[in-house]
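These notes concern the structure reproduced below.
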Amino acid sequence: MSIAKGSITGLIGPNGAGKTTLFNIMAGFLVPDSGTIRLEDEDITGLPAYKLFHKGLLRTFQIPHEFERMTVLENLMVVPPKQAGELVLSSLLRWGTVRRQEQQNRRKAEEVLDFLQISHLTHELAGNLSGGQKKLLELGRTMMTEARIVLLDEPGAGVNRTLLGKLAQDIRRLNTDLGYTFCIIEHDMDLIMELCHPVVVMAQGKVLAQGDMQELRNNRAVQEAYLGG
Amino acid sequence: MDWGCFVIEFLQVIIYGIVLGCIISLGAIGVSLIFGILRFAHFAHGDMMSLGAYFGLVGVVSLQLPMYAVFPLAMGATALVAAALDRSIYRWLRSSTPIIMLISSVGAALMLRSAIQVVWGPDNKIYEAGIKLPYIFYGLRIKPDQLNIIFGTAVLVVLLHLFLHKTRMGKAMRALSDNMDLAQVTGINTERVIFWTWMIAAAMAAAGGIFLGIDTRLNPIMGWRILLPVFAAAIAGGIGNLYGAVLGGLLIGIVQELSTMVISPAYKPAVAFAIMVLMLVFRPTGILGGKE
Amino acid sequence: MELAGLLTYFIFFLTVAGIYAVLSLGLNVQWGFTGQINIGVAAFFAIGAYSSAIVTTEASPFHLGGFELPFLLGILAAMFASGFLAFLVGLVTLKLRGDYLAIASIGIAEIIRLFLKNEGWLTNGVRGIPAIPKPLSGLTESGDALLFLLVILAFVFVIYMALERLYQSPWVRVLRAIRVNEDAVQAAGKNVLRFRLEAFVLGSVIMGVGGGLYAHFTTFISPSAFDPMFGTFLVWVMLIAGGSGNNKGALLGAVIIWGVWSGTEIFTSRLPEMWVTRASAIRIFLVGALLEFILIFRPQGLLPEKPPKTPGTARSEKSGVSPAAGRADT
Amino acid sequence: MSLLQVDDIYGGYGNADILHGVSMHIEPQEIVSIIGPNGAGKSTVMKAVFGLLKVRQGRILFNNKDITRRRPDQIVHLGICYVPQEFNVFPSLTVHENLEMGAFIRKDSYSEQLDHVYELFPPLKDKRGQSAGHLSGGQRQMVAIGRALMLNPSLLLLDEPSAGLSPLFIEQIFERVLEINKSGVGILMVEQNAKQALSFSHRGYILSMGGNRFEDSAENLLNNREVAEMFLGG
């Protein structure tokens with residue numbers, strides 16, 4: 001399968017279709033047995049996750065991976081790449097530079113929180129957030145750096161209706177305003193319908209069909225895959 | 001040295017290695033059992049071996065019992081101490097992380113060792129004075145004690161195998177080691193099985209401790225010193241896998257003894273460490289494959 | 001006279017507590033910040049002590065030496081040696097799960113112990129290295145101990161301040177994140193292994209400093225000084241009792257636990273003759289029991305870890321009204 | 001009196017609720033299927049019944065006895081057995097030992113029940129001495145169900161018994177489930193394979209977003225256009 005630049009591609013399919021596995025492979029958490037993955041013509045197969053990050057490929061997790069004993073702000077500030085303060089010696093000796101960078105990153109984080117409209121949670125411990133807020137935080141982390149493509153693993157799972165609408169809006173805004181490309185695994189068909197074009201259907205480890213959600217709904221094979229033989 | 005002599009010498013060292021391997025195996029079995037079920041590295045296991053050895057001393061010296069009666073006594077007493085340790089300490093930490101359990105077992109190791117020192121004093125002790133003449137087969141020397149250790153270990157391993165495969169509690173132990181959650185939804189009283197696991201692991205450790213005392217001498221730090229080879233054996237065999245633990249024990253024991261032919265005997269423990277690190281780097285699941 | 005004796009004892013007490021404070025600060029970097037279990041603190045402690053001793057002592061037929069470098073270079077050597085050892089250990093073990101590091105670290109400690117005992121050409125074996133110079137000694141008539149205490153306190157202060165600053169830094173922020181969720185740190189583009197290795201090495205370097213200070217304090221070292229009880233376990237109890245993850249906790253733990261340890265000595269020395277030989281064992285038993293007690297009833301220690309203040313021009317800090325901010329900062 | 005009655009339960013893991021007011025009932029000797037799109041909370045309902053997650057609000061009655069917030073090991077004693085979707089056998093134990101573990105809490109003799117299980121799943125009899133980890137997926141599912149039957153439960157909870165099985169095995173498993181039901185065991189089943197599951201159930205519940213969406217006889221659900229569409233959104 002391929003994901004077009006600037007698109008919001010949906011990835012759907014029944015449980016066990018292999019969607020999350022595909023994500024894990026694309027994001028460098030698993031190594032494929034065979035086959036290649038290319039990011040704008042560059043072969044990135046088998047690169048570890050932290051290197052892919054620097055190539056602009058980011059991911060979120062189905063079960064939010066927040067740093068629970070750290071504040072929301074800190075959660076975001078972990079992300080920016082090339083922080084001088086991440087080296088022991090510069091933290092100790094070039095405190096001024098580090099401080100300046102920290103201030104920049106902090107401003108950036110605050111912007112992100114504003115964008116997501118959760119700035120009231122800035123100093124809350126991430127572990128205390130609701131499921132939906134954690135999802136927003138996951139999304140927020142991807143905004144702390146320049147991304148080319150963001151893989152979202154079930155951004156809607158466990159999120160209530162109102163927050164879901166907002167999440168959808170945020171994703172669309174990121175797509176149109178900042179030019180993010182998204183690939184989204186999601187079970188909430190409403191969300192997929194609202195956001196994604198095109199949609200890829202997977203079943204039993206293979207791509208079954210691809211196209212517009214409207215078409216797919218009338219596709220026999222897709223219906224069968226969901227309802228079972 | 002001519003070739004024949006070398007072979008004899010080599011086989012002689014192998015015998016020493018098997019004896020040491022048996023002792024290590026008995027410790028590694030317990031470490032492996034506990035890791036399989038409770039998922040933490042039990043650092044007090046070596047000191048449980050020492051404790052068993054000293055209980056044995058009580059049987060031999062104070063009660064003047066014959067050796068075959070000393071074993072059940074010392075193993076039972078050590079099992080009770082292990083059970084008490086679980087009830088008073090480990091049980092309260094079960095819901096915390098394995099790492100915290102590990103640290104608490106280091107604390108327990110300290111307590112056991114110092115308790116031994118308080119009761120029996122810090123000096124070396126032996127079970128029996130006097131030197132027994134070794135049997136000699138084709139130039140190979142083997143002491144009766146060493147034969148007893150090998151034979152005794154074999155009996156214990158067979159008994160353990162029968163326990164794990166023929167009794168309800170033994171099967172439940174294996175079930176828990178496979179999948180604690182599933183055991184729970186099957187209605188198995190996991191706390192009771194854990195309790196038994198401690199008793200069995202400690203009994204094996206006690207036997208290993210007595211053998212260690214027979215083979216060398218008793219002193220309060222004997223268990224701590226052998227802890228590294230014991231862990232190395234459990235890891236080399238595949239942690240959580242009992243037969244792996246036995247195999248790993250023999251491997252570590254034999255290689256440790258063989259190493260004395262090339263390097264200074266003082267560095268024997270380093271050999272165990274080296275095998276362990278090699279294993280961890282190249283085959284983390286161990287020889288027979290263990291848990292993750 | 002009584003008072004002078006008390007004062008001497010007090011200086012001695014603080015000096016040792018200070019050395020322990022350095023060790024427990026080092027362990028705090030590994031365990032408190034990063035969640036690494038190093039049960040071989042004694043090894044890095046010993047390496048530090050021996051390195052500093054060897055490069056600062058006069059030539060001796062019994063061990064390597066004769067460099068007669070100044071005290072500070074000795075400490076530098078201690079840092080380098082223990083850091084290098086940590087680097088090697090870390091390369092091999094940090095990819096593995098936490099409990100394997102723990103097991104490997106007792107292996108390292110054991111090997112270092114054997115090495116120090118058996119390589120007589122280097123360390124004079126069990127007979128140890130005597131006549132290690134004590135800095136600033138002989139400057140005053142009777143104030144050597146006090147001056148040396150000041151040296152120790154200066155080291156503790158510098159290390160403490162550096163770690164406090166680090167604690168505010170992005171570096172520790174990543175470490176704390178790794179402790180909670182490694183995958184997410186990977187997904188945020190950080191090379192987790194690099195951070196772990198750095199933390200392990202830094203912690204060990206600090207332990208090396210502790211070793212160096214110890215060598216110059218006692219002026220005589222031998223392998224028996226670095227047994228696991230004093231070199232490793234006491235340090236662990238100190239850190240856990242004081243509060244893992246909190247530098248102040250590491251300091252407090254060192255003072256309190258050393259106090260408890262020395263205090264029980266006063267008590268046990270009054271025991272009847274036959275018990276005196278066993279007194280040390282009883283005290284170790286109590287330390288073990290104390291550790292269990294803390295783990296069960298107050299696992300966070302006396303001074304629990306608290307999130308650092310995030311630097312920057314916080315609007316909430318300026319306005320100072322955000323209720324959430326208030327909660328997070330207390 | 002219903003065998004099992006679930007009244008408007010809310011709950012989930014940690015703080016976030018996954019179930020937002022689910023109600024259902026199972027009559028004695030009934031087969032009831034829970035179906036619905038992924039992430040609807042189907043398995044979660046089952047786990048809530050079996051005491052495997054926190055029920056924050058609502059009530060669960062079994063034979064008119066309140067079992068809300070009881071632990072799994074207590075619930076087993078009352079006569080409910082649960083077959084998880086994954087990791088549902090002890091791989092290093094033999095088939096026979098797996099079944100024995102099912103009867104662990106029984107004090108009486110269970111050899112009759114053992115014979116009954118072997119009758120129900122003849123392939124297991126031949127493999128009784130093999131370790132369960134070496135079996136095929138379908139055989140493993142048989143072991144798992146057989147193990148649950150060892151306590152002679154009056155209600156069996158099956159979490160996606162057909163997941164990952166080949167069509168041939170799916171049919172076999174469902175046939176067996178039907179037979180178990182005929183011997184008087186009530187069955188609550190979560191299924192992805194909606195059509196096939198409904199085709200031999202008495203009734204079905206369709207969940208979506210952690211709440212009830214439809215409840216009807218299996219036949220009506222099968223013929224309901226809306227149901228088919230629901231899986232694909234709308």
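Just so it is clear: chains get the letters A, B, ... in the order the sequence lines come, proteins before strands, and each one is counted from 1.
Closest heavy-atom contact between A/E102 and C/Q168: OE1-O, 4.2 Å. Across all non-hydrogen atoms, the minimal contact from A/R69 to C/E305 is NH1-OE1, 4.5 Å. The two atoms that bring A/H54 and C/G189 nearest to each other are NE2-O, 2.8 Å, heavy atoms only. Scanning all heavy atoms of the two residues, the minimum distance from A/P81 to C/K190 falls at CA-NZ, 4.0 Å.
When atom types are taken as modelled, the side chain of A/K51 and the backbone of C/N191 share no donor-acceptor pair closer than 3.5 angstrom.
Enclosure of atom CZ in C/F87 is not indicated, since only 12 or fewer non-hydrogen atoms of other residues, nucleotides or ligands lie within 6.0 angstrom. The number of heavy atoms from other shown groups lying within 6.0 Å of CZ (C/F80) does not exceed 12. Around the CZ atom of A/R94, the shell of radius 6.0 Å holds no more than 12 heavy atoms that belong to other residues, nucleotides or ligands.
Proximity to chain C involves both the backbone and the side chain of A/E68, based on heavy atoms less than 4.5 angstrom apart. For A/V79, the parts lying near chain C are the backbone and the side chain together; criterion is any non-hydrogen pair under 4.5 Å. Neither the backbone nor the side chain of A/E138 has a heavy atom closer than 4.5 Å to any heavy atom of chain C. At a 4.5 Å heavy-atom cutoff, C/V172 makes no contact with chain A through either its backbone or its side chain.
For the atom pair CE of A/M70 and CG of C/N181, the computed distance is 11.0 Å after rounding to the nearest 0.5 Å. Taken from CD in C/Q186 to CZ in A/F53, the straight-line distance is 11.5 Å, to the nearest 0.5 Å.
For the side chain to side chain contact (heavy atoms under 4.5 Å, CB included) test, residues two or more places apart in sequence or in another chain that qualify with A/K55 are A/L39, A/E42, A/I44, A/L47, A/R148. Here C/N246 pairs with nothing under the side-chain hydrogen bond (donor to acceptor under 3.5 Å, both in side chains) rule; sequence neighbours left out. Residues passing the ring pair (Phe, Tyr, Trp, His ring centres under 6.0 Å) test with A/F29, sequence neighbours excluded: A/F61.
Scanning residues 194-205 of chain C against chain A with a 4.5 Å non-hydrogen threshold yields C/R194, C/F195, C/E198, C/L202, sorted by number.
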